[in-house]
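One structure is given below, encoded as structure tokens.
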Amino acid sequence: MKSVVIYTTRYGSTAEVAGKLAGACNADLIDLAKTNTVNLEQYDVVFLGSPIFSSNLAGKMKKFCDENSTALLNKRLYLFICCAHEGEEARKQIDVAWPEQLVAHAADKTVLGGAVILEKYNFLIRALMKKLGIKESFTRIDEEAIAKLAGSVNE
């Protein structure tokens, strides 16, 4: 089975997570910011990853899902997000952000951590983070969840 991790990132944490996941399951790695086309026919297993902002996927991932939904529904599909939330609040984001038909089809969907790097954000995003109670930068990548998701390909 040939696998691919397709992702988009805004500030870099999703890229870091996607790279770790691809390494753990020996998958190809594709950044949607660097390509406009992905030949899904060559893959049996597809991992899709995106950061979440205000319960929304990154625009490039949303567009990719919209344009490739038929092909994705014919693959073994795994969805992951990176976000500032943890626990149940983070898990809720998955069902809200990803297209409903992909959520229903996915073999697994999970949160692999996230980061808030205030220094990278513009004034408006920093203000929003403060309003949400986030006053300092953090990175929390869930290595255990990455290993578990990578291992699920072999189940």
Side-chain angles (χ1 to χ4, degrees), residues 1 3-34 38 40 43-66 68-69 72-73 75-121 125-126 128-155:
M1 279 192 309
S3 302
V4 63
V5 176
I6 302 169
Y7 74 96
T8 187
T9 193
R10 193 163 183 185
Y11 297 105
S13 63
T14 307
E16 183 177 350
V17 167
K20 288 176 184 263
L21 177 61
C25 62
N26 196 30
D28 291 344
L29 185 62
I30 298 175
D31 179 353
L32 291 178
K34 296 179 180 172
V38 177
L40 290 172
Y43 299 106
D44 304 299
V45 178
V46 177
F47 294 89
L48 297 178
S50 177
I52 299 296
F53 297 98
S54 299
S55 300
N56 293 301
L57 294 177
K60 288 181 187 208
M61 182 56 72
K62 182 171 177 9
K63 182 178 178 188
F64 178 81
C65 291
D66 290 345
N68 295 282
S69 62
L72 291 167
L73 292 171
K75 302 294 177 184
R76 189 164 171 195
L77 181 65
Y78 296 86
L79 305 174
F80 71 91
I81 61 169
C82 294
C83 67
H85 299 289
E86 291 184 288
E88 189 59 31
E89 182 60 33
R91 283 186 285 284
K92 286 180 190 176
Q93 300 295 312
I94 295 170
D95 293 334
V96 172
W98 291 99
E100 188 176 321
Q101 62 191 15
L102 295 184
V103 170
H105 176 71
D108 196 0
K109 50 193 190 272
T110 192
V111 180
L112 298 181
V116 170
I117 312 297
L118 294 172
E119 302 77 36
K120 290 185 177 182
Y121 300 160
I125 294 176
R126 284 194 311 270
L128 175 63
M129 292 296 142
K130 276 189 176 183
K131 188 173 183 179
L132 294 172
I134 300 171
K135 294 180 173 69
E136 55 187 48
S137 298
F138 64 84
T139 299
R140 61 171 174 264
I141 293 173
D142 192 339
E143 303 281 347
E144 188 176 306
I146 293 169
K148 182 180 175 188
L149 186 58
S152 66
V153 172
N154 299 320
E155 293 177 351

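Note that the coordinates shown come from a computational prediction; the quantities given were computed from them, not determined experimentally. By convention here, the first residue in the shown sequence is residue 1.
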Heavy-atom pair of closest approach, residues Trp98 and Cys65
CZ3-SG, 3.7 Å
Evaluate the side-chain proximity of Cys25 to Phe47: yes if any heavy-atom separation is below 4.5 Å, no if none is.
yes
Between the CZ atom in Phe80 and the CG atom in Leu48, the distance rounded to the nearest 0.5 Å is 8.0 Å
Drop me the distance from Thr8's OG1 to Lys34's NZ, to the nearest 0.5 angstrom.
11.0 Å
I want to check something: taking the side chain as every heavy atom from C-beta on, are Ile30 and Phe64 in contact at a cut-off of under 4.5 Å?
no
To the closest 0.5 Å, what do you measure between OG1 (Thr14) and CD1 (Ile141)?
9.0 Å
To the nearest 0.5 Å, what is the distance between CZ (Arg91) and SG (Cys83)?
10.5 Å
State, with a plain yes or no, whether a side-chain heavy atom of Asn68 is found less than 4.5 Å away from one of Val38.
no
Is there a side-chain contact between Lys109 and Leu102, using heavy atoms and a 4.5 Å cut-off?
no
If you round to the nearest 0.5 Å, how far is CG of Leu77 from CD of Gln101?
10.5 Å
Would you give the length of the straight line joining atom CG of Leu112 to atom CD1 of Ile146, rounded to the nearest 0.5 angstrom?
5.5 Å
If you count the non-hydrogen atoms of other residues, nucleotides and ligands that lie under 6.0 Å from CG in Asn26, is the total more than 12?
no
At their closest point, which heavy atom of Met1 faces which heavy atom of Arg76, and how far apart are they?
CE-NH1, 3.8 Å
Using side-chain heavy atoms (C-beta onward) and a distance below 4.5 Å, is Leu29 in contact with Tyr7?
yes
Heavy-atom distance under 4.5 Å between the side chains of Leu40 and Leu72, does that happen here?
yes
Taking C-beta and beyond as the side chain, do Leu32 and Met61 meet within less than 4.5 Å on heavy atoms?
yes
Do Asp28 and Val5 make a side-chain contact, defined as non-hydrogen atoms from C-beta onward lying under 4.5 Å apart?
no
